Amino acid sequence: MQQLSRNGILVDDTFAEAFGMRATAIIITAPTLRWARQAAITMTGYATSVIGCGCEAAIDVDLPASKTPDGRPGCRVMIFAMGTDELQKQLKSRLGQCVLTSPGSACFAGLDGTASLDLGNSLRYFGDGWQISKKFGGKHYWRVPVMDGEFLCEATTGLTKLAVGGGNLLFLAADNTKALNAAERAVTAIEKVPGAIMPFPGGIVRSGSKVGGKYKGMMASTNDAFAPTLRGVVDTSLTPDINAVLEIVIDGETSDAVAAAMRAGLKAVIDFGPKKGALRISAGNYGGKLGKFHYHLKDLLS
């Protein structure tokens, strides 16, 4: 594989392969940012990969009171799934169990779209007949009585069919500490890109995968080519100086958002340099046969 060099770091001439997805977004507000984030963090728990979780979700951005519909602090949450029905299912259950239950919370549409998904329209029945329908400013809301007052929830939110999931970067380093240093800097940079999320814990995944495996029914299994402990027994992609690899997976509201996030992550790690960070940067793909979105690292270099 050909490689480019930037600031002493090798960048593989390869591409990340990503897939079309369905996505939506909501805005969660609360009396304080702490409680808005608590609802959002709870809602996006166990939402790292559609392989096992049904959806992929994370906080997109925190919002000041001046940027939310009800003038309270909040955050925008994005949720991705492979189909509309699964996305609606995940949205309803997570909203009902994690946002409705959170002290002082309210929920609003976070995405405009030609299609829509139910928010308050599905949760209103919790009001047991005491819920109130309100229309204001051309929008429809539900007021559902709860023990600390009422839960205000917009009736619907938008759906996009232009979302992309699976953009990724691989950071190869001499040891675990340096790999984590690099990945953390990439996460910090990508968090500033609107419309893109990183669904894995803290934005980082250690257990990168390949498609399938030798055991029946496995949709994915360990990416042995990038596993340092298997270097002597598999067709490895690692050189002797690499002893740890960490990955960042990116989902975006649009393909451009994924590209912008990958570009930001690449720049942050390259600027950090190889002494305390990554020696090499690569990306995961399946030969270009499964996902129609290909992000070539050489095209994303600043």
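Not measured: the values here are computed from a predicted model.
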Novice: Atom OG of Ser102 and atom CZ of Arg37: how far apart are they, to the nearest 0.5 Å?
Specialist: 12.5 Å
Novice: Would you check if Ser207 and Val205 make a side-chain contact, meaning some heavy-atom pair closer than 4.5 Å?
Specialist: yes
Novice: Would you indicate whether the side-chain heavy atoms of Pro31 and Arg72 approach each other to under 4.5 Å?
Specialist: yes
Novice: Could you pull out the closest heavy-atom pair between Thr14 and Ser282, with the gap in Å?
Specialist: CG2-OG, 3.7 Å
Novice: Got a donor-acceptor contact below 3.5 angstrom from the Asp148 side chain to the Gly104 backbone?
Specialist: yes
Novice: In sequence, state the C-alpha distance, the side-chain angles, and the governing distance for Lys178 and Asp175, and then conclude on side chain to side chain contact (heavy atoms under 4.5 Å, CB included).
Specialist: CA-CA 6 Å; Lys178 293 177 180 179; Asp175 57 46; 3.4 Å; yes
Novice: Is the number of heavy atoms from other residues, nucleotides or ligands under 6.0 Å of Asp85 CG greater than 12?
Specialist: no
Novice: Between Tyr295 and Ser255, is a side-chain hydrogen bond (donor to acceptor under 3.5 Å, both in side chains) present by the stated rule, with each step listed?
Specialist: CA-CA 9 Å; Tyr295 301 94; Ser255 179; 2.8 Å; yes
Novice: State, yes or no, whether a side-chain contact exists between Tyr141 and Leu152 at a heavy-atom distance under 4.5 Å.
Specialist: yes
Novice: Hey, does the side chain of Asp62 reach the backbone of Cys75 with a donor-acceptor pair shorter than 3.5 angstrom?
Specialist: no
Novice: Find out whether Arg206 and Asn176 are in side-chain contact, i.e. whether some heavy atom of one side chain is under 4.5 Å from a heavy atom of the other.
Specialist: no
Novice: For the side chain of Glu17 and the backbone of Lys289, is there at least one donor-acceptor N/O pair under 3.5 Å apart?
Specialist: yes
Novice: Side chains of Thr24 and Thr160: does their closest heavy-atom pair fall under 4.5 Å?
Specialist: no
Novice: Mind checking whether Val187 and Leu169 sit in one hydrophobic cluster, side chains of I, L, V, M, F, W, Y counted as touching below 4.5 Å?
Specialist: yes
Novice: Determine, stepwise, if the pair Leu119 / Phe108 fulfils side chain to side chain contact (heavy atoms under 4.5 Å, CB included).
Specialist: CA-CA 8 Å; Leu119 291 177; Phe108 305 91; over 6 Å; no
Novice: Measuring from Ile204:CD1 to Leu180:CG, what's the distance to the nearest 0.5 Å?
Specialist: 5.0 Å
Novice: Search all heavy atoms of Ser221 against all heavy atoms of Gly212 and return the closest pair with its distance.
Specialist: OG-O, 2.6 Å
Novice: Under a 4.0 Å N-O cut-off, is there an ion pair linking Glu253 with Arg76?
Specialist: yes
Novice: Apply side-chain hydrogen bond (donor to acceptor under 3.5 Å, both in side chains) to residues Thr236 and Arg231 and explain how you reach the verdict.
Specialist: CA-CA 5 Å; Thr236 186; Arg231 182 164 29 213; 5.7 Å; no
Novice: Which pair of non-hydrogen atoms, one from Cys55 and one from Arg94, has the smallest distance, and what is that distance?
Specialist: SG-NE, 3.4 Å
Novice: Would the distance check show the side chain of Thr157 and the main-chain N or O of Ala25 forming a donor-acceptor pair, the cut-off being under 3.5 Å?
Specialist: yes
Novice: Is there a path of hydrophobic side-chain contacts, each under 4.5 Å between heavy atoms of I, L, V, M, F, W or Y residues, that connects Val249 with Leu266?
Specialist: no
Novice: Are Leu290 and Phe80 connected, step by step, through hydrophobic side chains (Ile, Leu, Val, Met, Phe, Trp, Tyr) whose heavy atoms are closer than 4.5 Å?
Specialist: no
Novice: I'd like to check Trp35 versus Pro73 (side-chain heavy atoms, cut-off strictly below 4.5 Å). Are they in contact?
Specialist: no
Novice: Minimum heavy-atom separation for Phe15 to Gly288, with atom names?
Specialist: CZ-N, 3.7 Å
Novice: Identify the two heavy atoms, one from Ala261 and one from Ile250, that lie closest to each other, and give their separation to 0.1 Å.
Specialist: CB-CG2, 3.8 Å
Novice: Does Val61 belong to the same Ile/Leu/Val/Met/Phe/Trp/Tyr cluster as Phe200, with side-chain heavy atoms less than 4.5 Å apart forming each link?
Specialist: no
Novice: Kindly compute the distance separating CD1 (Ile197) from CE (Met78), expressed to the nearest 0.5 Å.
Specialist: 6.5 Å
Novice: Calculate, to the nearest 0.5 Å, the distance between atoms CG and CZ belonging to Asp224 and Phe226 respectively.
Specialist: 10.5 Å
Novice: Ser105 side chain to Thr101 main-chain N or O, any donor-acceptor pair under 3.5 Å?
Specialist: no
Novice: Check step by step if side-chain hydrogen bond (donor to acceptor under 3.5 Å, both in side chains) holds for Thr254 and Asp256.
Specialist: CA-CA 5 Å; Thr254 63; Asp256 286 344; 5.2 Å; no
Novice: Is there a donor-acceptor contact under 3.5 Å from the side chain of Gln3 to the main chain of Leu10?
Specialist: no
Novice: Can you tell me how far apart CG (Leu117) and CG (Leu159) are? Round to the nearest 0.5 Å.
Specialist: 5.0 Å
Novice: Counting only heavy atoms not in Asp271 (residues, nucleotides, ligands), do more than 12 fall under 6.0 Å from its CG?
Specialist: yes
Novice: Going hydrophobic residue to hydrophobic residue with side-chain gaps under 4.5 angstrom, can you get from Ile281 over to Val258?
Specialist: yes
Novice: Hey, what do you get for CE (Met82) to CD1 (Ile51), rounding to the nearest 0.5 Å?
Specialist: 10.0 Å
Novice: Counting neighbours of CD on Glu86 that are heavy atoms of other residues, nucleotides or ligands and sit closer than 6.0 Å, is the number greater than 12?
Specialist: yes
Novice: Tell me whether the rings of His296 and His294 are parallel (<30°), tilted (30 to 60°) or perpendicular (>60°).
Specialist: perpendicular
Novice: Examine distances only and state if a side-chain atom of Thr29 and a backbone atom of Gly74 form a donor-acceptor pair shorter than 3.5 Å.
Specialist: no
Novice: Within the structure provided, determine whether Leu95 and Ile26 are in side-chain contact (heavy-atom separation under 4.5 Å).
Specialist: yes
Novice: Start with the C-alpha distance between Leu297 and Met262, add both sets of side-chain angles, then the distance that settles side chain to side chain contact (heavy atoms under 4.5 Å, CB included), and finish with yes or no.
Specialist: CA-CA 8 Å; Leu297 298 188; Met262 290 183 61; 3.9 Å; yes
Novice: Checking Arg185 side chain against Asn181 main chain: does a donor-acceptor pair fall under 3.5 Å?
Specialist: yes
Novice: What do you reckon, is NZ of Lys192 surrounded by more than 12 foreign heavy atoms closer than 6.0 Å?
Specialist: no
Novice: Check the pair Asn121 / Thr156 against side-chain hydrogen bond (donor to acceptor under 3.5 Å, both in side chains), numbers first and verdict last.
Specialist: CA-CA 7 Å; Asn121 279 350; Thr156 62; 5.6 Å; no
Novice: Using atom types as modelled and distance alone, determine if a side-chain donor or acceptor of Ser209 lies under 3.5 Å from a backbone N or O of Asn223.
Specialist: no
Novice: Could you tell me whether Phe126 atom CZ has more than 12 heavy atoms of other residues or ligands within 6.0 Å of it?
Specialist: no
Novice: Does some side-chain heavy atom of Tyr125 sit less than 4.5 Å from a side-chain heavy atom of Val144?
Specialist: no
Novice: Judged by atom type as modelled, is there a donor-acceptor pair below 3.5 Å linking the side chain of Asp60 to the main-chain atoms of Gly195?
Specialist: yes
Novice: Where do Thr48 and Glu56 land on the side chain to side chain contact (heavy atoms under 4.5 Å, CB included) test, with the steps shown first?
Specialist: CA-CA 5 Å; Thr48 59; Glu56 300 175 7; over 6 Å; no
Novice: One thing to verify: whether Lys92 and Asp118 come together as a salt bridge, which I'm taking to mean a side-chain N less than 4.0 angstrom from a carboxylate O.
Specialist: no
Novice: Return the minimal non-hydrogen interatomic distance between Ala182 and Val269, and the atom names on each side.
Specialist: O-CG2, 3.3 Å
Novice: With Asp12 as reference, evaluate Arg6, Arg280, Lys298 under the salt bridge (Lys or Arg N to Asp or Glu O under 4.0 Å) test and give the passing residue.
Specialist: Arg280
